[in-house]
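This is a predicted model, so every value here is computed, not measured.
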Amino acid sequence: MKKVLAMALIGCMTFGMAACGSGSGEASAPAKEEAPAADDAAKEEAPADDAADEEVPADSAAGGDKVWIVATDTVFRPFEFTDENGDFVGIDVDVLAAIAEDQGFKYELTSLGWDAGVAAVQAGQADALIAGATIKQERIDSGWIFSDGYYDATQTFVLPEGSDVKGFADLAGKNVAVKNGTAGMDFAESLKEEYGFTTTVFEDSPTMYQDVILGNSAACVEDTPIMADSIKTGNLALTIPEGMESEGAPYGFAIMNPDNQELLDMFNAGLANIKSNGKYDEIIAKYLEN
């Protein structure tokens with residue numbers, strides 16, 4: 001609903017600006033008709049008409065007031081989630097806010113969910129995505145344009161408490177829950193033929209976790225920091241085994257339209273700045289320490 005409202009507001013603003021421009025043009029026409037009453041005066045006033053034309057770039061300067069639409073996930077702790085006060089918070093949320101402040105740009109963060117967020121950026125309904133998106137070649141090949149990495153994460157298999165699974169070989173003949181379109185899903189898919197397990201795809205992490213807790217799947221695959229935080233804060237009956245994690249890859253802020261390169265450049269510049277001034281470390285410590 002946030003997405004629809006945001007786009008409706010942008011459409012209204014665009015119509016309003018067009019209407020103002022039209023009104024300005026109509027107002028200038030009578031002044032030119034009065035010119036024959038005083039030819040010399042009209043000639044002296046000519047530069048004023050030129051000056052009026054030169055005011056057009058002032059409207060384009062309003063581009064500095066552009067509000068970038070950034071899509072994100074709904075629940076992907078500790079990167080984006082709603083806290084006990086009902087505020088939308090997390091590493092991604094705070095990193096984006098710090099970078100926007102550093103670079104002086106405006107944005108609207110819309111919590112759409114993973115699939116809907118990706119679709120919104122692909123369709124041009126949002127300008128960028130920040131949602132713990134792993135930088136991987138498959139995405140780059142399909143048109144994703146990534147920022148510099150802002151967090152390195154591994155993916156891990158996660159087991160129910162008391163599970164007798166000790167390694168990948170113990171998953172033979174069993175099912176593994178995965179989240180659609182994620183690096184965790186890719187990790188599981190790369191191993192399932194070798195180790196003889198099947199996969200079931202879910203649209204969000206909490207539902208995937210419950211599938212394992214209820215015994216429908218023997219394991220799920222999730223980004224390690226996400227899983228560690230979810231087990232701790234949600235008191236989930238899940239455990240992270242040793243030796244069942246991936247090599248890891250960085251998360252990136254992403255655009256899918258080259259025309260939005262300006263936003264990507266500002267993100268990279270701001271990220272470098274908040275890393276150098278210590279703000280980035282403060283954000284990471286806030287959500288991941290202890």
Side-chain angles (χ1 to χ4, degrees), residues 73-81 90-92 113-119 129 131-142 144 146 149 151-252 254 287-288:
D73 208 340
T74 51
V75 182
F76 194 55
R77 295 186 62 114
F79 288 85
E80 43 263 343
F81 62 99
I91 293 173
D92 285 350
W114 173 262
D115 286 342
V118 172
L129 175 77
T134 300
I135 299 174
K136 54 183 183 177
Q137 192 60 46
E138 179 184 354
R139 289 175 178 161
I140 294 172
D141 292 342
S142 65
W144 294 51
F146 282 105
Y151 186 84
D152 289 333
T154 60
Q155 287 73 46
T156 184
F157 277 68
V158 182
L159 308 172
E161 288 183 343
S163 173
D164 58 1
V165 173
K166 304 301 180 184
F168 297 127
D170 296 328
L171 292 172
K174 297 181 167 114
N175 189 72
V176 174
V178 297
K179 182 178 174 183
N180 189 39
T182 63
M185 176 178 173
D186 292 344
F187 183 38
E189 293 293 329
S190 72
L191 297 173
K192 73 177 187 178
E193 184 175 345
E194 179 180 358
Y195 292 102
F197 60 82
T198 57
T199 56
T200 299
V201 181
F202 292 86
E203 297 301 322
D204 62 82
S205 294
T207 306
M208 178 177 69
Y209 303 158
Q210 284 302 311
D211 194 68
V212 178
I213 292 171
L214 293 174
N216 296 324
S217 292
C220 64
V221 187
E222 182 66 282
D223 290 26
T224 307
I226 309 303
M227 198 68 253
D229 178 85
S230 296
I231 290 173
K232 175 184 175 182
T233 60
N235 195 28
L236 301 179
L238 297 171
T239 184
I240 300 175
E242 293 185 6
M244 295 184 73
E245 69 279 349
S246 67
E247 294 182 359
Y251 291 160
Y287 292 101
L288 292 182

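With values rounded to the nearest 0.5 angstrom, Tyr287 atom OH is found 10.5 Å from Asp229 atom CG. Between the CD atom in Gln210 and the CG atom in Leu214 there is a gap of 5.5 Å [rounded to 0.5 Å]. The distance from the CZ atom of Arg77 to the CG atom of Asp223 is 15.0 Å, given to the nearest 0.5 Å. Annotation: the span from Thr233 atom OG1 to Phe81 atom CZ amounts to 7.5 Å, rounded to 0.5 Å. Once rounded to the nearest 0.5 Å, the distance linking CZ of Phe168 with CD of Glu194 reads 9.0 Å. Rounded to the nearest 0.5 Å, atoms CE (Met227) and OH (Tyr209) are 4.0 Å apart.
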(message) Between Tyr251 and Ile135, does the side chain to side chain contact (heavy atoms under 4.5 Å, CB included) criterion hold? Intermediate values first, please.
(response) CA-CA 6 Å; Tyr251 291 160; Ile135 299 174; over 6 Å; no

(message) Please evaluate residues Ile240 and Ile231 with respect to the criterion side chain to side chain contact (heavy atoms under 4.5 Å, CB included), reporting the C-alpha separation (whole Å), side-chain torsions for both, the decisive distance (0.1 Å), and the verdict.
(response) CA-CA 9 Å; Ile240 300 175; Ile231 290 173; 3.9 Å; yes

(request) List the steps and the verdict of side chain to side chain contact (heavy atoms under 4.5 Å, CB included) for Ile91 and Leu288. (result) CA-CA 9 Å; Ile91 293 173; Leu288 292 182; 4.0 Å; yes

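Using a 4.5 Å cut-off on side-chain heavy atoms (C-beta onward), Trp114 and Asn180 make no contact. Residues Thr182 and Val221 have side chains not in contact (no heavy-atom distance under 4.5 Å, counting atoms from C-beta outward). At least one side-chain heavy atom of Met185 sits under 4.5 Å from a side-chain heavy atom of Val201. Considering only heavy atoms from C-beta on, Val176 stays 4.5 Å or farther from Ser217 through its side chain. You'll find the side chain of Leu236 reaches within 4.5 Å of the side chain of Ile213, heavy atoms only.
When all heavy atoms of Gly113 and Thr74 are compared, the closest pair comes out as N-CG2, 3.4 Å. The two residues Trp144 and Ala133 have their closest heavy-atom pair at CZ3-CB, 4.0 Å. When all heavy atoms are compared, the tightest approach of Leu238 to Pro160 is CD2-CA, 3.9 Å. The nearest pair of heavy atoms linking Pro78 to Pro225 is CD-O, 3.8 Å. Closest approach of Phe197 to Thr199, counting heavy atoms only: CE1-CG2, 4.0 Å. Heavy atoms only, all atoms of each residue included: Phe79 and Ile226 are closest at CD1-CD1, 3.0 Å.
Between the side chains of Gln155 and Thr224, no donor-acceptor pair of N or O atoms lies under 3.5 Å. Side-chain polar atoms of Ser205 and Glu222 form a donor-acceptor pair below 3.5 angstrom. Side chains of Asn216 and Asn175: a donor-acceptor N/O pair is absent below 3.5 angstrom, by distance only.
Counting non-hydrogen atoms of neighbouring residues, nucleotides and ligands closer than 6.0 angstrom, the CD atom of Glu242 reaches no more than 12 such neighbours.
Residues forming a salt bridge (charged side-chain N to carboxylate O under 4.0 Å, His left out) with Asp73 (at least two apart in sequence, or on another chain): Lys179. Not a single salt bridge (charged side-chain N to carboxylate O under 4.0 Å, His left out) links Glu203 to another residue, sequence neighbours left out. Remark: Leu159 engages Ser163, Val165, Ala219, Thr239, Pro241 in a side chain to side chain contact (heavy atoms under 4.5 Å, CB included) (not counting sequence neighbours).
A donor-acceptor pair is defined here as one N or O able to donate and one able to accept, closer than 3.5 Å; such a pair exists between the side chain of Asp170 and the backbone of Gly167. One N or O on the side chain of Asp92 and one on the backbone of Gly132 form a donor-acceptor pair closer than 3.5 Å. When atom types are taken as modelled, the side chain of Thr154 and the backbone of Glu247 share no donor-acceptor pair closer than 3.5 angstrom. In this structure, the side chain of Arg139 engages the main chain of Thr134 through a donor-acceptor pair within 3.5 Å.
Aromatic rings from Phe157 and Phe187 are positioned such that their centres are separated by under 6.0 Å.
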